[in-house]
Amino acid sequence: MQPEKTREGRGGSPPGRLRPGALTAASFGLLILAQIAPASPAQEASPKESFKESFRQAAPGYHFRFPQDHGSHDEFRTEWWYYTGHLSTKDGRPFGFQLTFFRRGIQAEAVQSNPSRWAIRHLYLAHFALTDIREGRFRYAEKVSRAGLGKAGAEAGHLRVWIDRWVTEATAAASDAHHLRAEADGFALDLILKPEKPPVIHGTQGISRKGAKPGQASHYYSLTRLAAEGEVEVDGLRYPVSGSGWMDHEFGSGDLGEDQVGWDWYSLQLRGGQEVMLYVLRRRDGTPDPASSGTLVNSDGRSQHLATRDFQVTVLDHWTSSASGARYPSRWRIAVPRLGLVVDLTPRLAHQELLTQRSTQITYWEGAVDVTGTHQGASVAGQGYVELTGYAEPFTQPR
């Protein structure tokens, strides 16, 4: 296994949800599998066919059950649990955080028929990032491990996912509360997250579309407002913090379309009590794929599906990474005309890029943003997170 690696961006020199849909870890798994377990000749000949035959596809009609669906769904090839949020100390020192766990199923016939506990049936990967806004510092760490030896795993029907001492799990006191723990060189996180709204199902008919073909979809839901309490550790000093988090959980077995090169994902928490999730799948010609969509969540928890035609995203500025050379959008205007919503998103730090060479091997930008604008003519403000993939290099499907 590759060891944990910690990196940091400071000032203008940074050291990259992945998402959306059960898609990106499809490439991650093949990359990591190639590093740690050479394939048999039969697997080399047709890995994608083997995966597709073995795993269940996300299909219309899925009925979510909670809290059971917070657990692992091993019948699907790809799954992740994604946490982001904004925290502050009592004296107002602000932080942004990201903690993500990925599961990649390896269910080729040669693996499943092998009784050895060393046989790799599931790979686990994780990213942990902390944005120290006052100090202008962005740090992140990454892990990769596998099931079977007690180093990593995920439980079905119950929230518990872990790699070493990084974990998300249901608390003993309340099954709907999530306990996050992660520590790396120079920074750590220990949080209790309590849902303030019920889970929101994205898409229609129980699936979130990522393309026109059958199987190009995922089962995707979010907890869009989580009350956060706990501690952040920075350079050996612990700070009590509170704030608000967001959790995405997604599982499926599909691939991105061959014409899709990346995506932009936005999660917004407005102070009026509404939340917005949008993802824009980008095609090679720069236009959004028609499968792009989103969800508006009202203050009472009711949600509305947003199709591609319902919203527009305009890029207002860019930032270029000195580490990867990627040129990312760095300020945005989002308009949802039929809802009377127009908001601007501004990164709280420009450099919130992760270069995950020791785990997913994807370079991407994932960062905390401020939100200002108007909703039905009234001023509105809030906070959010944005994820940008495919800018360092276009996403390509594994062959």
Side-chain angles (χ1 to χ4, degrees), residues 17-25 55-56 58-59 61-85 97-105 122-128 143 145 147 152-182 189-203 206-208 217-230 244-253 265 267 269 275 277 295 297 301 303 385:
R17 191 176 200 326
L18 292 140
R19 158 177 320 41
L23 303 168
T24 56
F55 288 97
R56 176 179 171 183
Y62 186 89
H63 295 287
F64 286 86
R65 297 185 304 146
F66 298 104
Q68 294 91 333
D69 269 316
H70 294 329
S72 184
H73 301 78
D74 292 357
E75 68 273 28
F76 294 93
R77 178 172 61 178
T78 304
E79 186 165 17
W80 51 70
W81 297 258
Y82 223 103
Y83 296 87
T84 56
F97 76 90
Q98 173 200 348
L99 181 60
T100 311
F101 294 89
F102 306 90
R103 179 192 60 79
R104 161 73 173 183
H122 297 279
L123 291 168
Y124 290 89
L125 309 97
H127 298 165
F128 169 37
K143 283 182 178 286
S145 192
E155 296 181 7
H158 174 76
L159 178 63
R160 177 170 165 77
V161 188
W162 76 96
I163 298 182
D164 298 328
R165 290 187 291 176
W166 294 15
V167 64
T168 174
E169 60 185 346
T171 65
S175 62
D176 64 340
H178 300 206
H179 190 184
L180 309 186
R181 298 191 304 276
L189 183 76
D190 190 334
L191 288 180
I192 300 294
L193 302 175
K194 297 180 179 179
E196 298 184 306
K197 291 184 178 182
V200 173
I201 311 303
H202 300 298
I207 60 169
S208 174
S218 68
H219 301 305
Y220 175 21
Y221 71 87
S222 298
L223 293 169
T224 59
R225 199 170 290 260
L226 294 155
E229 296 279 348
S244 183
W246 179 295
M247 181 261 206
D248 275 3
H249 185 192
E250 206 162 348
F251 47 96
S253 304
W265 172 86
S267 68
Q269 294 175 322
E275 295 87 40
M277 184 285 296
T295 306
V297 184
S303 63
Y385 253 75

Roughly how far apart are Tyr83 OH and Thr168 OG1, rounded to 0.5 Å? 3.0 Å
Under the side chain to side chain donor-acceptor pair (under 3.5 Å) test, residues paired with Asp190 that sit two or more places apart: His179
Could you grab the distance from atom CD1 of Ile192 to atom CZ of Arg181, nearest 0.5 Å is fine? 8.5 Å
For residues Asp176 and His178, report the shortest heavy-atom separation together with the two atoms involved. O-CD2, 3.3 Å
Between Tyr62 and Phe251, is the ring centre distance below 6.0 Å? yes
Work out which heavy atom in Ser267 is nearest to a heavy atom in Thr84; give both atom names and the distance. OG-OG1, 4.5 Å
CZ-CZ distance between Arg103 and Arg77, expressed to the nearest 0.5 angstrom: 11.0 Å
Please work out whether the ring planes of Trp265 and Tyr82 are parallel, tilted or perpendicular, with thresholds of 30° and 60°. tilted
Nearest non-hydrogen partners of Leu180 and Leu193, listed with the distance: CD1-CD1, 3.5 Å
Measuring from atom CG of Leu99 to atom NE2 of His127, what distance do you get when rounded to the nearest 0.5 angstrom? 10.5 Å
Separation between OH (Tyr124) and NZ (Lys143), nearest 0.5 Å, reads 15.5 Å
Determine yes or no for a side-chain-to-main-chain donor-acceptor pair under 3.5 angstrom, with Ser253 supplying the side chain and Arg56 the backbone. yes
Where is the tightest heavy-atom contact between Lys197 and Gly301, given as atom of each residue plus distance? CD-CA, 4.2 Å
Under the side-chain contact (heavy atoms from CB on, under 4.5 Å) rule, what do Phe55 and Phe76 come out as? Steps first, then yes or no, please. CA-CA 5 Å; Phe55 288 97; Phe76 294 93; 5.5 Å; no
Under the ring pair (Phe, Tyr, Trp, His ring centres under 6.0 Å) rule, collect the residues that match up with Phe128, sequence neighbours excluded. Trp166, Phe187
Heavy-atom pair of closest approach, residues Glu250 and Ser218: OE2-OG, 2.8 Å
Identify the two heavy atoms, one from Trp162 and one from Ala154, that lie closest to each other, and give their separation to 0.1 Å. CZ3-N, 3.8 Å
Out of curiosity, Arg160 CZ to Phe101 CZ, how far, rounded to the nearest 0.5 Å? 9.5 Å
Using only atom types and a distance under 3.5 Å, with no angle test, would you say the side chain of His219 pairs donor to acceptor with the backbone of Ala58? no
Sidechain-backbone polar pair: Glu79 side chain, His73 backbone, donor-acceptor under 3.5 Å: yes
Quick one: side chains of residues 221-229, donor-acceptor pairs under 3.5 Å with protein atoms, not counting sequence neighbours, listed by atom name and distance.
unit_1	atom_1	unit_2	atom_2	d
Tyr221	OH	Asp69	O	3.4
Tyr221	OH	His70	ND1	2.6
Tyr221	OH	His249	ND1	2.8
Ser222	OG	His202	NE2	2.7
Ser222	OG	Asp248	OD1	2.4
Thr224	OG1	Glu275	OE1	2.8
Arg225	NE	Glu275	OE2	2.5
Arg225	NH2	Leu270	O	2.8
Arg225	NH2	Gln274	O	3.2
Arg225	NH2	Glu275	OE2	2.8

